[in-house]
4 protein chains.
Amino acid sequence: MKVGILGGSGYGGLELIRLLLMHPYVEIEKVVSPSYAGQELSSVFPHLNQVELPSFVELDALEVAEGVDLIFFATPADVSATYIPTFHGLGVPCIDLSGGFRLRDGAVFEEWYNHASPSSELLREAVYGLTELNPEQIEHANIIANPGCYPTATLLGLLPIMKEKWLSRNSIIIDGKSGVSGAGRKVGLGTHFAEVNENISAYKVNEHQHIPEIEQVLSELVKKETRVSFTTHLIPLTRGMMCTLYVGMKESHSTAEIIALYEAYYENHPFVRIFSEGTFPTPKGVAGTNYCDIGLSVDHRTKRITIVSCIDNLMKGAAGQAVQNMNVRFGFPEKTGLVLTPVFP
Amino acid sequence: MKVGILGGSGYGGLELIRLLLMHPYVEIEKVVSPSYAGQELSSVFPHLNQVELPSFVELDALEVAEGVDLIFFATPADVSATYIPTFHGLGVPCIDLSGGFRLRDGAVFEEWYNHASPSSELLREAVYGLTELNPEQIEHANIIANPGCYPTATLLGLLPIMKEKWLSRNSIIIDGKSGVSGAGRKVGLGTHFAEVNENISAYKVNEHQHIPEIEQVLSELVKKETRVSFTTHLIPLTRGMMCTLYVGMKESHSTAEIIALYEAYYENHPFVRIFSEGTFPTPKGVAGTNYCDIGLSVDHRTKRITIVSCIDNLMKGAAGQAVQNMNVRFGFPEKTGLVLTPVFP
Amino acid sequence: MKVGILGGSGYGGLELIRLLLMHPYVEIEKVVSPSYAGQELSSVFPHLNQVELPSFVELDALEVAEGVDLIFFATPADVSATYIPTFHGLGVPCIDLSGGFRLRDGAVFEEWYNHASPSSELLREAVYGLTELNPEQIEHANIIANPGCYPTATLLGLLPIMKEKWLSRNSIIIDGKSGVSGAGRKVGLGTHFAEVNENISAYKVNEHQHIPEIEQVLSELVKKETRVSFTTHLIPLTRGMMCTLYVGMKESHSTAEIIALYEAYYENHPFVRIFSEGTFPTPKGVAGTNYCDIGLSVDHRTKRITIVSCIDNLMKGAAGQAVQNMNVRFGFPEKTGLVLTPVFP
Amino acid sequence: MKVGILGGSGYGGLELIRLLLMHPYVEIEKVVSPSYAGQELSSVFPHLNQVELPSFVELDALEVAEGVDLIFFATPADVSATYIPTFHGLGVPCIDLSGGFRLRDGAVFEEWYNHASPSSELLREAVYGLTELNPEQIEHANIIANPGCYPTATLLGLLPIMKEKWLSRNSIIIDGKSGVSGAGRKVGLGTHFAEVNENISAYKVNEHQHIPEIEQVLSELVKKETRVSFTTHLIPLTRGMMCTLYVGMKESHSTAEIIALYEAYYENHPFVRIFSEGTFPTPKGVAGTNYCDIGLSVDHRTKRITIVSCIDNLMKGAAGQAVQNMNVRFGFPEKTGLVLTPVFP
C-alpha cells in the first residue's frame, strides 16, 4: 500500500516517516513540502541521510493523489480544511493530524478557531479518530480526524469513568503539561530555547481549541452537555505530555475499585496501560511509543479522583495514533509497525 | 546584627548566604554543617571562592548560639524540631525554613509526617511566616515557621479571594509544578539528571505534607474547615515553581473585577505583582528574586477562576521569604537586601 | 538464539533489552540483577509494562550460563573482569560493554584503572570490538571487548586518516562532550539534576581511562607509539555524544579530498555516515540509532582538520555496537535488528 | 551619571539594565528599541513589572545623546558601526558590546565579517576593552570595544602564559561551548527549543569572527603573527560558557608552577579566580556574576596544558564587563555594582 504525506517537513510528518519506514505493508510514495519541493529529505534533515525516501514535492493535489491509497495531513488546520475536500472528491482516504475536522459543528469551530471552517459541510462526515473509542466507525471512514494530543491523553484518562457515569458532571478539571515539539517547527519567541528552558508557561488559558474537542466527546458519551476547565502549560522538554485530571465522584469509591474499572475497560486495548495503586506514569516511560499510561488515586477527603495520563505527543498524540488508525481502516492488525519499546532513559 | 545558619551546605542555606552577603545590616557569623565542619565553604562550593565567609562548624548548640542574634534553620524538619527548643530556651530567635513548626496541631503533624513532632508543645508558639499575611505576629515572634514553597505560591494566589469569601469552599484544586532544587541536594534516582530531564513526575499524590499546611491557613481565614485537592509535579528545571489554582466562584465575576480585588489586596506588598488581563506569569520572570507573580482568568462557562502563581522556590519559597521575615522581625524595612531584578533569561 | 544479560538494570542493559526485543533471531533468556533478583522488570521499570520478559535473577554463573548462547556484560569493569573468566571457562561467548578487557597490556590497565586486572591472562585473548575495524577477528572471538563510547566516536573519526598516514603523529587532540546517561544509573552529586542542568563540567582531565584505549588502537594502526590529548565534558543532555577532533596534517589537503577519503573508507560500513562539505552532525541526528555521523573541515591557516563525530552513547557507544558485534559473531547480517530511524526531534 | 542603552530589548541590553539598576552612581536615562518604541519595558518584559525605568524610545541619535554621559551599544555590529561615529562626533563616550569595533584592521574585518566596516577610519581609535589587559587605555577611551564572549574566556585563560612566552606558538586550540543566550533573542531554527534541547551543535567551524579577534590580541602580545584553531559549540543551556584550551609548552612545567604563574598574574584582578590543582571551574559557579574562573592541568605525556575557562556569557562576556569598563573609564572602583554571589544552583 502506498501513502502520501502532506507537511512532511514538520515534526508530525517526520514522525510519520519514522514510523512508516518500519511498517511492513506501507510504502511512502509522496512527501509534500512546498518550502522544500525538489530537495532530498536528507539534505534538509541530515538524520535521514542514507535512508531511502522520495524527494519533497509541491502540493499539487492531482499529482499527489496519483497512485496513492491514503493521504496523511500533517499540516496546519487551514491547509487540511482547504485540501481535504479535493482529495476526498478524488476518492482518496485522508487521515488529518490537524484540528480541521475534529469539531462536528461549524458554529463551534468558528467560535474557537476564530474563523469559519472552509469545509463545514464535510465536518459531519469526518470520523473522530480516537482509536480506542471509535474503531468500527474508523474502519469505514474516508476522512479520519486524528485527535489532538491533549484530547487524546485526557479522553483516554476519562473514558472508563464517563461510561459508568460515576462522576459528578462538570466537575472535570484538566491540567495539561506539554513538551515544546507540540508547538511545531515554526520559529517564535515562544519556542526560543533561552526563554523556554528553566521556565514554565501557561498559555491560551480558558481559550484553547482543544476545549470544545474534549467537551464534544464527553457530552456525547453522557448525552448531556458537559463543560471542563482546561489549562495548558509549556514545559521545557522536547517530547512528552502529561494531563493531570481532577474529577469529582458522586459517591466515594476506593482506588482499587477505580483501577479495576479502568483495567476492564482497556483489556483489549494494547496501547493503554493502567498503573498499579500508588504508582504513576511519566512521559519518559512512553517516549517514542504509542502507549498511553494512566495512574489513578482517590482522595477520600475531597471525594475526587486524581488521574495522571501520559503520552508521547508526537506518537499517540499525533503520528502513532494516525498509523494506528490507518491499521484499523485498512484491516491490518492494530499494532502493526507500532510494537516499540520506550527509549529509556 | 549577627546570624547563624544551620544547614549551610544545602540549597536553602546557600541561597541564604547569597542574600545575606548583600544585606547591609547583617553579618554571617556561623555556618553549621556537620558533614563539612572544619572546611572552608569555598573548598566545598567553588562558586564561593574569594568570598569572605567563616568556615563550616559543627552543630554544637551552645557554641553556635554564642554571639548570634538570630538562627536560620535550613535543615530537614527533624533537625529543626530537635534543636529549635534548645535555641529557643537560650533566648535566640529562630527562623525555620523546614516544615517542623508550620502545623499548629500535633495530631495533624503526626498524621502527615508519619511520626510525632518532637516538640509539639512549641508548635502553637511558632508564628507562620507568610509575611504578607502575618506581619504583626512576625514582628514579635521568636520562632518563625517559614512557609513551604508550594503553600507560599498557593496561599498568595488565594488570600484576596478567601478574604472576600467569594469562592465556593472546598472547590479549590491546586496543580503544583516545581523545579528540582526544591527536592534538596540529597542524591537519589528521583533527582538523577538522566531520569528527570525530558520527563515530568507526579509525586506524593494526595499525600503531600503541604496539604495540611495550606488547609490550616485557609480554614482559619474562612473560619470553617476547608479541604483542597493538591498534586505536585517535578519539572525538569533547576529553580522555579508554578501553582495553577482552580477555584469555583459562588457567582460569576469578570476577570477585571477579580484583578482589581487582588491589586487592592496587595497594594502595600511590594513582592506580590498582579498581572494585567490576558497575561500570565512565568518562573523565569521571578528567577533569583523574592517576587510572587500572579495572573488571573475567569472562565464564565464553568464559573471557575484560573489563577497562575509563580515564585522562585529558593527565594520567596525559602531563603528570600526568610530574609523578608527577618527584616520584619528586626525592624528593618521589609525590602532591605531584597531589591533584585530577575535574572533573565 | 538465546542470550543472557548481566547488569540488566543499568542504562546499557536496558538499551540492550530494547534492541533485542526488536531482533528477529534472538530471545532474551536471562536478565541478571542482584539488587532486583526475583522482581519483574516491569515492577522496577514501568516503561516495560506489558512487555514480555523473564524476571530478574541472581548472578549465579552456572545457572545463568545454562541454555544460553551468549552473555552480554553491561556491568562495571570489575564485575566483567571477575565473571568473564568463569563464563569463558564454561564455553559461553561473552560481549563485554565495560572496560574490563579493552586494554591488552596488564601494566597499562593497572596504570589507568588504579588496580591490577583480575584476569590479566585473558586480556590478550579478548578482541577489541570496534566492528568497522575488526570484523574478521570478531567473527571468531569468544570474548569481545565492546569499545568505550568516547573511543568509538573518536576512532571512527580517525581511522581513515590514520590508515593513510597523512596526519602529523602526536598532534591529535580530542575534546569529548557527553550526555549524562554515560555516567550510568548510579546516583551522586555529579549526576544530580540541579547541578548538571544549566552547567558543563570537565572531568578526569588528562586521567580518563579511555586515553590508553584510544592510544592502543592508534599506535597499532601506525605501528608507532601515539599519544593524544583528551578532555571529557559532561553536558546537560540525557543521551548523545560529540567528539571534536583536531589533527595536524603533514601537508595541506582540501576538505573535499578528506571527505572523499572518508567516504571511500566507509563505503561498505552502513552505520558510518560522512557529511557533505560545510555541514556537521549532531547527537540528535543519531538519537536512538547505531549511526556514527562524521563531519570534516580543513583549516588551511593552521593546517589542521577539525573532525566532528557524533554517536548515541547508549547505542553505537554501547548496546547498539554490542548487537552489531553479536550479528557479526553469529553470522547474521550486520544490520539485523538495527535498522532504525533517529528519533527526531 | 546618566546612561543610554541602545538595543535594550536584547539579552545583552536586559542584562545591562539588571546591573545598572544595582549600580550606586548610575541612572538609566534612555533605553532605545525601535521595535518597541513608546512602550513601557514592563509591558514587553513582565519580569520588569514594578521596576522604575523610562519607556523604550526610538533611535534618534540627537535625542538619545541629549543629557547622557555614556551610551552602551547592545546592538548588532552593523548598528554600532553605523551609529557610533555619530555619537562619537557628538562627544558622547560609547561602550560597544558588538563586534563592530574590535578588529583594528579594516581588511581583516572585511575578510571575516564579509562586508567592509562602515566606519573603518574609527577602528584604530577604539580601545579593546578586555579590562584585565588594557585598564590604562580604557581610562581614556571614547570608544570601548567590549570583547566577544569567547575571546574574553579564551584570552583570560591565555594571558599569563603568553606573557611568559612559555608556550609553543601556533599550538593553541580552543574548543568553545556556549549557552543559547549568546545567540541573542532573534528567533530561528538554530535556537528552537525542540532542536537545541538534547543536542549539541558545532557551528561556524573555522569561520567564526572571534578567530581574528583572538589572534589580534595574541599576536600583539607575542609580537609575532599567531594562529589558533577555534571551534564553537552550542550547548543546551541558557547562560554560561566554557572554553577548553589546549596549548603546547616549549618545555615541561608542573601544574603547580603554571597555577602559581596565573595566580601571580591575576593577583590584583578581583574577577579572575584561579582554581587549585585537580579542580576545574563550571559555568554554574559564575552564573549571574562577572567572574572568570580558570582551572589548569599539565599533561606531561603530551607536553600540553589543558586550560578550562568559564564565564557567564551575558556578564563577563557582555554586560558585566561593559559595566566594569564603565567603572574604569569613569573612575569608579572597578568592582562597583558588580559584587555579586553566583546564583547557585
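By convention in this document, chain letters (A, B, ...) are assigned in the order of the sequence lines, proteins followed by strands, and residues within each chain are numbered from 1. Just so it is clear, the model here is predicted, and its values are computed rather than measured.
The part of B/E215 that comes within reach of chain A is its side chain, from C-beta onward, which places non-hydrogen atoms under 4.5 angstrom from that chain. Of the two parts of A/T302, only the side chain, counted from C-beta on, holds a non-hydrogen atom closer than 4.5 Å to a non-hydrogen atom of chain B. Heavy-atom distances place the backbone of B/I172, and not its side chain, under 4.5 Å from chain A. Heavy atoms of B/F344 lying under 4.5 Å from chain A belong exclusively to its side chain. If you measure heavy-atom distances from B/V205 to chain A, the contacts under 4.5 Å come from both the backbone and the side chain.
By the 4.0 Å N-to-carboxylate-O rule, A/D299 lies too far from B/R227 to be salt-bridged with it.
When each of A/G248, A/P236, A/G240 is checked for heavy-atom pairs under 4.5 Å with chain B, A/P236 comes out on top. Between chain A and the residues B/P281, B/S297, B/A287, B/S171, the most heavy-atom pairs under 4.5 angstrom are made by B/S297.
A/D175 CG to B/I174 CD1: the interatomic distance, rounded to the nearest 0.5 Å, is 12.0 Å. One finds the CD1 atom of B/I200 at 8.0 Å from the OG1 atom of A/T244 (value rounded to the nearest 0.5 Å). The structure places CZ of B/R304 at 7.5 Å from CG of A/N170, a figure rounded to the nearest 0.5 Å. Within the model, atoms OG1 of A/T282 and CG of B/L234 stand 11.0 Å from one another, a figure rounded to the nearest 0.5 Å. Annotation: the span from B/M242 atom CE to A/S201 atom OG amounts to 6.5 Å, rounded to 0.5 Å. Note that NE2 of A/H233 and CZ of B/F280 are 9.5 Å apart. Values are rounded to the nearest 0.5 Å.
Nearest heavy atoms, A/R301 versus B/V228: NH1-O, 3.9 Å.
By the 6.0 Å contact criterion, NZ on B/K224 is open, its count of non-hydrogen atoms from other residues, nucleotides or ligands being 12 or less.
Residue pairs meeting the salt bridge (charged side-chain N to carboxylate O under 4.0 Å, His left out) criterion with at least one partner in residues 153-162 of chain A, sequence neighbours excluded, do not occur; the list is empty.
For residues 190-199 of chain B, the interface with chain A (any heavy-atom pair closer than 4.5 Å) comprises B/A194, B/E195, B/N197, B/E198, B/N199, sorted by residue number.
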